[in-house]
Amino acid sequence: MKTIYTADHNLHHAAYELIGGQMTPAFECPRRAEIVLEQVTAAGLGPVIEPTRMGIAAAAKVHDPRFIAFLEQAWPAWLAEHGDSDALPMTWPARSLRQIEPDSIDGKLGFYSFDAGCALTRGSFTAITSAVEVALTGVDLIAAGERAAFSLCRPPGHHATADQMGGYCYLNNAAIAAQVLVEAGARVAILDVDYHHGNGTQAIFYGRPDVLFTSIHGHPRQEYPYFLGYADEHGAGQGEGANLNLPLVWGSAWDAYGPALDAACEKITAFGADTVVVSLGLDTFEEDPISKFKLKSPDYLRMGERIAGLGLKTLFIFEGGYAVEALGVNTANVLTGFEGA
Ligand code: OKP
Ligand code: ZN
């Protein structure tokens with residue numbers, strides 16, 4: 001299959017993130033995409049192509065246009081107020097506070113985010129834009145008849161909601177791709193295998209019957225994003241039944257993960273999907289520095305095989321994964337397992 005990649009992702013590089021009370025070098029770093037590119041190439045998976053520069057008008061199909069405008073305008077406002085340091089939110093309109101967008105850039109950063117894991121830097125918006133274009137170029141390949149494509153998006157997207165960034169995510173690459181596929185006539189299921197619950201993707205489609213969201217992730221009682229991802233979230237209103245969460249506890253290995261993946265795949269088949277968008281996070285790996293599942297490198301071959309067993313058009317969208325040395329091999333294993341099955 002083809003991989004879609006652009007070096008523009010390098011323009012987004014947060015210096016630090018706050019973890020356990022310490023400013024720590026950011027886990028979501030440019031090297032992640034570079035090592036995946038290297039290993040996808042080494043595995044001989046297929047051509048690497050540049051994204052089509054179609055812009056991000058399609059992002060407004062699932063995001064609030066005011067949020068998109070904020071992302072575009074935040075850096076100059078931050079630079080004028082604070083100078084050339086990473087823009088980070090510190091105050092949120094939490095319970096008991098009013099939901100009114102302030103004029104202040106610090107206020108806006110809180111208004112349009114749900115955590116402090118989403119620094120904006122000088123080149124971030126260009127990279128965010130390029131990631132959406134990488135995802136949408138994958139959509140174009142599927143629409144043109146390819147069985148599968150790998151959109152090597154960075155920054156990731158699955159935590160981003162209609163109007164909030166968070167968890168290293170700004171615009172929701174997978175949700176935008178899914179929506180464009182739906183509008184092209186596809187019946188779309190999303191399979192989110194990132195270690196963290198894809199709260200943004202779930203929220204975007206929660207009230208809709210036409211897109212199925214399935215996710216296997218660390219249990220929200222134990223794990224980020226803490227406030228969504230429980231098994232009793234089935235969808236709302238018309239969307240009732242079109243959401244499936246399969247939370248697993250810390251320490252889960254393939255013996256627990258494989259059956260959860262089977263359950264997600266069975267749901268996707270029962271939904272009657274003809275296209276699956278895979279939010280491909282590799283932070284389920286046993287050596288991931290911020291995660292607590294125990295998948296091993298060969299398990300990712302099995303993951304790819306099981307996804308191929310769906311027999312659907314498949315768009316892989318890159319999400320998380322922070323054990324940088326093994327990240328490329330693990331990603332290539334999913335795609336190789338898929339192609340070989
Ligand atoms: C983004 B993606 C760890 C703190 C976690 C944010 C994690 C975002 C993950 N104790 N902070 O889903 O890989
Ligand atoms: Zn993750």
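Both ligands and their constituent atoms are indexed starting at 1 by order of listing.
- Of the protein's heavy atoms, I19 CD1, 4.5 Å lies nearest to atom 4 (C) of ligand 1.
- Ring pair F338/F316: centre-to-centre distance below 6.0 Å.
- Considering both main-chain and side-chain atoms, H159 comes within under 3.5 Å of ligand 1 through a nitrogen or oxygen pair.
- One finds a salt bridge joining E286 and K296 here, because a Lys/Arg side-chain nitrogen approaches an Asp/Glu carboxylate oxygen to under 4.0 Å.
- Using a 4.0 Å threshold on non-hydrogen atoms, atom 10 (N) of ligand 1 does not count as touching the protein.
- When the Zn ion (ligand 2) is compared with the N/O/S atoms of D194, atom OD1 turns out nearest.
- A side-chain N or O of E34 and one of H9 form a donor-acceptor pair less than 3.5 Å apart.
- Contact check on E146 versus K313 returns no salt bridge, with no Lys/Arg side-chain nitrogen under 4.0 Å from an Asp/Glu carboxylate oxygen.
- Under 3.5 Å, the side chains of N173 and H158 contain no donor-acceptor pair of N or O atoms.
- Ligand 1 has a nitrogen or oxygen under 3.5 angstrom from a nitrogen or oxygen of D194.
- Centred on the Zn ion (ligand 2), the OD2 atom of D283 and the ND1 atom of H196 lie at an angle of 100°, reported to 10°.
- In this model, a donor atom of one side chain and an acceptor atom of the other lie less than 3.5 Å apart for T284 and Y300.
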Should H159 and Y224 be marked as a ring-ring contact (aromatic ring centres under 6.0 Å, His included) after you check the CA-CA gap, both sets of side-chain angles, and the distance that decides it?
CA-CA 10 Å; H159 294 302; Y224 181 93; 5.2 Å; yes
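- Ionic pairing of D163 and R66 is not present here: no N-O contact between side-chain nitrogen and carboxylate oxygen is shorter than 4.0 angstrom.
- The proximity of D283 to ligand 1, defined as any non-hydrogen pair under 4.0 Å, is limited to the side chain.
- With distances taken over non-hydrogen atoms, the option nearest atom 12 (O) of ligand 1 out of K292, H217, H158 is H158.
- Contact annotation: E319 has no heavy atom less than 4.0 Å from any atom of ligand 1.
- Not one N or O of E17 is nearer than 3.5 Å to an N or O of ligand 1, by distance alone.
- Neither the backbone nor the side chain of Y195 comes within 4.0 Å of ligand 1, counting heavy atoms alone.
- Distances shorter than 4.0 angstrom occur between a heavy atom of Y322 and an atom of ligand 1.
- Here's the thing with Y226: none of its N/O atoms is less than 3.5 angstrom from an N/O atom of ligand 1.
- In the model, R53 has a side-chain atom that pairs as donor or acceptor with a side-chain atom of T6 under 3.5 Å.
- Summary of contacts: the protein heavy atom closest to atom 3 (C) of ligand 1 is I290 CB, 4.3 Å.
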